[in-house]
Amino acid sequence: MALTQARTMPGVLELLPLDQIAFQRMLDTIRRNYERFGFVPVETPVIEYSSVLLTKTGGETERQVYFVESTGALGKHAESVPELALRFDLTVPLARYVAEHERELSFPFRRYQMQRVYRGERAQRGRFREFYQCDIDVIGKDALSIRYDAELPAVIYSVFRELAIGPFTIQLNNRRLLRGYFESLGIADGEQQMLVLREVDKLDKRGAEYVRETLTGDAFGLSAEVADRILAFVQVRSTSLADALAKLDALGAGPEALEQGRDELKEVLRLIHDFGVPETHFALNFSIARGLDYYTGTVYETTLNEHPQIGSVCSGGRYENLAGQYTKSHLPGVGISIGLTRLYWQLREAGLIGTARSTVDVLVTQMDATKLPAYLALAGELRAAGIATEVVLEEGKLGKQFKYADRAGIRFAVVVGDDELAKHVVTVKDLRRGDQFEVPRAELVKTLRVEIEQAAVMG
RNA sequence: GUGGGCGUAGCUCAGCUGGUAGAGUCCCGGAUUGUGAUUCCGGUUGUCGUGGGUUCGAAUCCCGCCGCCCACCCCA
């Protein structure tokens, strides 16, 4: 019989258990910090009505949406769009969720959501078709204080500090300020401002020359002088809080949007510091523009200082009205998202994270099949003490059992044979260090707890 | 959606100018019936992506198709 090739489609990430454990530890850390800051969990269905997801009718998003058809509906609408689709982010479902449950929710509504989303793009290195987003958003009713714009970086600081993947910088900008500045240069049209923003956003990736050429080219037709001023402007970065405030003040007077954006940014920067984020970990970056659709004010991007090639590991911003497509209520919000699948993948590629130790702490080996009741009793005792324990249930050579433990990433093996029974002791072997010792049977739990604790700290 | 590159063992690849398919690794067994990872010995692993063409003969040369990768677009 011809075998079917066992394979997954490109653009999905599937992990072996020890890697999955490492991934899950990251999810746990993010969740713990989100909850610590008072965000509440929400999950929404993977499948939504197409009509709900596609309200923005952004040509780009529509091209990336996976549609879903039930068997019965297959082929029934050759021309029209299928009724159902997979979500491509968590923000649009959030908008629908808030609009649908508006009267049952408390505002400001602070939710976190960590689920998979789907994008039908051509697979590429570090790009996924199925990936985790870990979002937090704060949604206000009618109005939402700018202070929440400063809270999110505080959460992100807390998350990334605990993830312990090296120094990082949360970079901030303000879309209103950018638009005000463009206006002062005579680029008043909203559409064109968007297009310029999109080019400017490429600065770090493609370089100043590339952006200058595009801006002065036929598509934009800007004068060399204006292009140069834009380039000089977007290269502004701050080195400290005082420096950031000084650079903002140095912008001087200008269109209303510019002054408003500047005031917002100043307040946000000051508050981030008050939230306890060290000024080494946040900075102004006038080239940050972000997603082109809904952001209106503050925008964020977080990068790892020692790995700039990884790019942004977390981004988000302020939006004026989240759910305008679904409700007449005015619901402004601010949100930020960690693309965990990509982050994990990049960190692994860069050698910054390895495999985790197993979730199994101890393997009770089977020295002698007739003593199985003793092994099961021993395992029960360990489990009651909160130690994750596996018992070998099949007969086999001890060497094979150790090999199994080693490959499975289980660090400690417990051996009980005639020698141990006679002496009322248990042999504990540390597979990682390669040594072993005997402990009195009665002290096993206490000893293993200490060993496991140490292993967790020392790695 | 647009442009470029590559398809040989589970994995990484060699095999180039045509002459019956190879290495490392992995896996399995043994050396070692109370000790893994290290060492030594032995063993398994292939429609050479696929269909056609040229040829006495094709993994190798030519064409179609499929798949994958990279870049653009866009984004986490």
Side-chain angles (χ1 to χ4, degrees), chain A residues 2-3 5-11 13 16 30 58-65 87-91 114-135 156 194-195 197-199 201-202 205-206 210 214 289-295 300-303 310-317 335-347 363 365-369 371 392 395-422 426-438:
Chain A
L3 295 173
Q5 192 188 356
R7 56 173 193 154
T8 56
M9 69 173 209
L13 183 69
L16 293 171
I30 295 167
E60 261 324 305
T61 40
E62 189 149 0
R63 220 179 69 192
Q64 296 191 340
V65 166
R87 60 173 174 227
F88 50 85
D89 71 10
L90 298 178
T91 306
M114 312 197 305
Q115 292 189 273
R116 290 199 259 216
V117 303
Y118 299 84
R119 287 189 197 172
E121 14 180 16
R122 192 149 280 181
Q124 242 178 80
R125 204 174 165 69
R127 310 281 298 275
F128 294 91
R129 288 171 161 172
E130 176 186 73
F131 59 95
Y132 270 91
Q133 285 195 328
C134 305
D135 283 28
I156 293 308
M194 283 289 186
L195 292 172
L197 278 180
R198 183 185 301 187
E199 287 312 310
D201 202 43
K202 293 178 187 169
K205 204 161 121 190
R206 306 305 278 300
Y210 174 89
T214 310
R290 282 288 83 212
L292 304 157
D293 298 13
Y294 36 70
Y295 294 129
Y300 318 95
E301 223 166 71
T302 303
T303 50
I310 287 181
S312 174
V313 296
C314 167
S315 58
I336 202 159
S337 174
I338 300 173
L340 186 60
T341 302
R342 183 193 223 169
L343 174 61
Y344 169 82
W345 189 88
Q346 301 260 36
L347 291 174
L363 182 74
T365 57
Q366 184 179 139
M367 187 80 249
D368 174 357
K371 298 189 177 71
V392 176
E395 281 187 83
K397 294 207 288 192
L398 197 56
K400 276 190 134 182
Q401 299 182 34
F402 284 131
K403 188 170 183 173
Y404 167 79
D406 185 46
R407 292 188 53 157
I410 304 170
R411 179 151 180 180
F412 298 102
V414 163
V415 181
V416 180
D418 288 328
D419 297 353
E420 284 83 1
L421 282 175
V426 172
T427 295
V428 175
K429 184 176 172 85
D430 182 336
L431 281 290
R432 174 95 174 260
R433 283 199 319 214
D435 62 2
Q436 63 185 52
F437 53 91
E438 291 182 351

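To find a chain, count down the sequence lines: A is the first, B the second, and so on, and within it residues start at 1.
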Colleague: Distance check needed: B:A76 C1' versus A:Ile30 CD1, whole Å only.
Modeller: 12 Å

Colleague: Does any nucleotide pair with B:A71 by Watson-Crick or G-U wobble geometry, both distances under 3.5 Å, and what is it?
Modeller: B:U2

Colleague: How many whole angstroms separate atom CG of A:Asp89 from atom P of B:C74?
Modeller: 17 Å

Colleague: Given atom CZ of A:Arg127 and atom P of B:C69, what is their separation to the nearest angstrom?
Modeller: 13 Å

Colleague: Tell me the interatomic distance from A:Arg129, atom CZ, to B:C68, atom C1', rounded to whole angstroms.
Modeller: 11 Å

Colleague: What's the OH-P distance between A:Tyr210 and B:A71, to the nearest Å?
Modeller: 14 Å

Colleague: Hey, does A:Thr365 reach any base, or is it just sugar-phosphate, or nothing, if we go heavy atoms under 4.0 Å?
Modeller: nothing

Colleague: With P as the reference atom in both, quote the distance from B:G36 to B:C27 in angstrom, rounded to an integer.
Modeller: 15 Å

Colleague: Any strand is fair game: report the nucleotide pairing with B:U12 by Watson-Crick or G-U wobble, both distances under 3.5 Å, or none.
Modeller: B:A23

Colleague: Between B:C41 and B:G51, how far apart are the two P atoms, rounded to whole Å?
Modeller: 41 Å

Colleague: Using both distances under 3.5 Å as the test, list the Watson-Crick or G-U wobble partner of B:G29, or none.
Modeller: B:C41

Colleague: Measuring from A:Leu340:CG to A:Asp135:CG, what's the distance to the nearest 0.5 Å?
Modeller: 11.5 Å

Colleague: Between the base of B:A76 and the ring of A:Phe128 - centre-to-centre under 5.5 Å, planes within under 30° - is that a stack?
Modeller: no

Colleague: Hey, are the side chains of A:Val117 and A:Leu90 touching, using non-hydrogen atoms and a 4.5 Å cut-off?
Modeller: yes

Colleague: Only pairs with both distances under 3.5 Å count, Watson-Crick or wobble alike; so what is the partner of B:G51 in this structure?
Modeller: B:C63

Colleague: Is it true that A:Asp89 and A:Arg119 make a salt bridge, defined as a side-chain N closer than 4.0 Å to a carboxylate O?
Modeller: no

Colleague: If you compare all heavy atoms of A:Val313 against all heavy atoms of A:Ile338, which two are closest, and at what distance to 0.1 Å?
Modeller: O-CG2, 3.7 Å

Colleague: Which whole number of Å gives the distance between the C1' atom of B:U33 and that of B:U25?
Modeller: 30 Å

Colleague: Quick one: pull up CG in A:Asp406 and CZ in A:Arg411 and give me the separation to the nearest 0.5 Å.
Modeller: 11.5 Å

Colleague: With rounding to the closest Å, how many angstrom separate the P atoms on B:C26 and B:U60?
Modeller: 31 Å

Colleague: OG1/A:Thr341 to CG/A:Leu13 distance, rounded to the nearest 0.5 angstrom?
Modeller: 6.0 Å

Colleague: Which part of the nucleic acid, if any, lies within contact of A:Tyr132, taking any heavy atom under 4.0 Å across all strands shown: a base, the sugar-phosphate backbone alone, or nothing?
Modeller: nothing

Colleague: In whole angstrom, give me the gap between the P atoms of B:G24 and B:U45.
Modeller: 16 Å

Colleague: In B/S/- notation, 5' to 3', how is nucleotides 30-42 of chain B contacted by protein heavy atoms closer than 4.0 Å?
Modeller: S---BBBS-----

Colleague: Mapping A:Met9 and A:Ser312 to their closest nucleotides on RNA chain B, which lands nearer the 5' end?
Modeller: A:Met9

Colleague: Using atom C1' of each nucleotide, how far apart are B:C70 and B:C63 to the nearest Å?
Modeller: 25 Å

Colleague: Just the table, please: protein N/O against nucleotides 5-11 of chain B N/O, every pair under 3.5 Å.
Modeller:
none

Colleague: Could you tell me if the side chain of A:Val415 sits less than 4.5 Å from the side chain of A:Met367, heavy atoms only?
Modeller: yes

Colleague: Does the pair A:Thr427 and A:Gln436 meet the rule for a side chain to side chain donor-acceptor pair (under 3.5 Å), with working shown?
Modeller: CA-CA 7 Å; A:Thr427 295; A:Gln436 63 185 52; 5.2 Å; no

Colleague: How many whole angstroms separate atom CD of A:Gln64 from atom P of B:C73?
Modeller: 13 Å

Colleague: Between A:Tyr118 (OH) and B:C74 (P), how many Å, whole number?
Modeller: 25 Å

Colleague: Identify, between A:Ile338 and A:Gly11, the residue whose nearest nucleotide on RNA chain B lies closer to the 5' end.
Modeller: A:Gly11

Colleague: For A:Tyr132, what residues pass the ring-ring contact (aromatic ring centres under 6.0 Å, His included) criterion, not counting sequence neighbours?
Modeller: A:Phe23

Colleague: Could you measure the distance from the OG1 atom of A:Thr91 to the CD1 atom of A:Ile336? Nearest 0.5 Å is fine.
Modeller: 11.5 Å

Colleague: Return the CD to NZ distance between A:Gln401 and A:Lys429, rounded to the nearest 0.5 Å.
Modeller: 12.5 Å

Colleague: Expressed as a whole number of Å, how far does the P atom of B:G4 sit from that of B:C11?
Modeller: 28 Å

Colleague: If the P atom of B:G7 is compared with that of B:U44, how far apart are they to the nearest Å?
Modeller: 28 Å

Colleague: Under a 3.5 Å limit for both distances, which nucleotide forms a Watson-Crick or G-U wobble pair with B:A58, could you say?
Modeller: none

